[in-house]
Amino acid sequence: MNSSPLHYFDHNATTRVAPEVVEAMLPFLRERWGNPSSVYRFGKQLTAPIEAARAHVAALIHADPQEVLFTSCGTESNNAVLHSALALAPAKRHLVTTAVEHSSVFKHAKWLQQRGYEVTFLPVDADGALNLAMLESSLRPDTALVSVMWANNETGVIFPIAAIAALCHRHGVLMHTDAVQAAGKVALDVRTADVDFLSLSAHKLHAPKGIGALYVKRGAPFQPYLLGGGQEKERRGGTENVPYIIGFGRAAELAHGRLSQKQPRIRALRDRLEETMLRRIPQTQRHGAPEPRLPNTTNLAFAGIEAEALLLRLDQAGICASSGSACTTGSLEPSHVLTAMGIPPELARSSVRFSLGIDTTDADVDYLLERLPPMVSELREASPVWRANGDGQMQ
Ligand code: PLP
């Protein structure tokens, strides 16, 4: 490990736990470590702080606190919704989702397909956008659920969730959205979006990994995924992870308060980073439509290089970035998201995601802009294919 300071451009992978969140959690690790289901006060007194945390998470998405249940992560929330929709309507064996979902929906849907369920994976265009007419024509009387992410973790592209929910409801189909990447970055309102289910994960919001939430609209049919004790009003078994719930609540409160205040600055930094790289580094392109898009994300392809090689060099310089979603890093397969956008495998493999956050400074962006262009040039120079094409034009 080298000792250079960290320049962190991977906020879509995870975020630093905010000091305020640590402070809020500590009493629940040190002194208030009881079980909230106990009959005695030492345990029962944990109910009030849990409910306060639930209210903060609910406020972030404009839900009623009773519509929010805590889970172990975004992955569990997503798995739970798919499981529930199919378990409650055994005659409905069709699911609609997109070709660009996070693996926690995508792989679960593939698994269901292998077990005889029918799944429509809606394609996206070169900008990463969905065709709503195609979505509508995919709906059938036996469609149990439509699951479409609010914002894509790799490109930041935002889907028109309210329009999709309205369309689903016109056809009597339940609608779920994975809002793990959207929360804390753009305003979320379950009332105006009118979704039936929405997934959240705390570690994208400056709380620890291993705690998530699921919004279940009042009256929406829901079958628990984890059966056990009667926690979360019989909707999710498992002893409550009290310190993490408290941390999530505090993080949601902070995120809610600073959304309008911090995001314009992050957007300006992201735009400067993106525009400068596109201008300074020849044969660089952005993946995904510029808008609507998360204000913190840019996904850039540097033709002629291997993203993994660039990431190693960036790491040497203390810069953290990612090639596709963290869950697929390490695999040589090009990202399924970029592939679905029609990007050729070699260009997908040359793509790097930079995701900024509240901690990103102008100095971080300057540092990256200074280090990255020479690294790309060096890697291109070292590539026989690049050199063989003379002026570096890649085929
Ligand atoms: N959904 C999206 C869009 C994500 O980006 C992630 C994590 O990267 C998840 C779900 C999974 O969340 P968790 O890490 O809490 O399981």
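Side-chain atoms are counted along with the backbone in the values below, which use heavy atoms only and exclude waters and symmetry mates. As the structure lists them, so they are numbered: ligands from 1, and atoms in each ligand from 1.
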Just let me know how V105 lines up against ligand 1, side chain, backbone, both or neither, with a heavy-atom cut-off below 4.0 Å. neither
Is a donor from one side chain sitting under 3.5 angstrom from an acceptor on the other, for E136 and H171? yes
Show which atoms of ligand 1 fall inside a sub-4.0 Å distance from at least one heavy-atom site of N153. 3 (C), 5 (O)
Heavy-atom distance to atom 1 (N) of ligand 1: which of L200, V100, D178 wins? D178
Under 4.0 Å from a heavy atom of Q181: give me the atoms of ligand 1 that qualify, with their elements. 3 (C), 4 (C), 5 (O)
H203: numbered ligand 1 atoms lying under 4.0 Å from its heavy atoms: 13 (P), 14 (O), 15 (O)
Answer yes or no for E76: is there a heavy-atom contact with ligand 1 below 4.0 Å? no
D142/R140 ion pair, N-O < 4.0 Å: yes
Using residues 45-55 as the side-chain source, report each donor-acceptor pair under 3.5 Å to any protein atom, sequence neighbours left out, with the distance given to one decimal.
| residue | atom | partner | partner atom | Å |
| --- | --- | --- | --- | --- |
| T47 | OG1 | K44 | O | 3.0 |
| E51 | OE1 | R54 | NE | 2.9 |
| E51 | OE2 | R54 | NE | 3.4 |
| E51 | OE2 | R54 | NH2 | 3.1 |
| R54 | NH1 | V68 | O | 2.8 |
| R54 | NH1 | E232 | OE1 | 2.8 |
| R54 | NH2 | E232 | OE2 | 2.9 |

Would you say S104 touches ligand 1, if touching means a heavy atom closer than 4.0 Å? yes
Please confirm whether K204 comes within less than 3.5 Å of ligand 1 when only nitrogen or oxygen atoms on both sides are compared. yes
Have a look at S323 and tell me which of R353, E154, E308, E306 forms a side-chain hydrogen bond (donor to acceptor under 3.5 Å, both in side chains) with it. E308
Output yes when the distance from some N or O of ligand 1 to some N or O of A151 is under 3.5 Å, and no in every other case. no
Is it the case that the ring center of H336 lies less than 6.0 angstrom away from the ring center of F106? yes
Is it the case that K110 places NZ or CZ above or below the six-membered ring of F121, under 6.0 angstrom from the centre and within 45 degrees of the axis? yes
Please enumerate all residues that pass side chain to side chain contact (heavy atoms under 4.5 Å, CB included) together with L259, with sequence neighbours excluded. A187, Q263
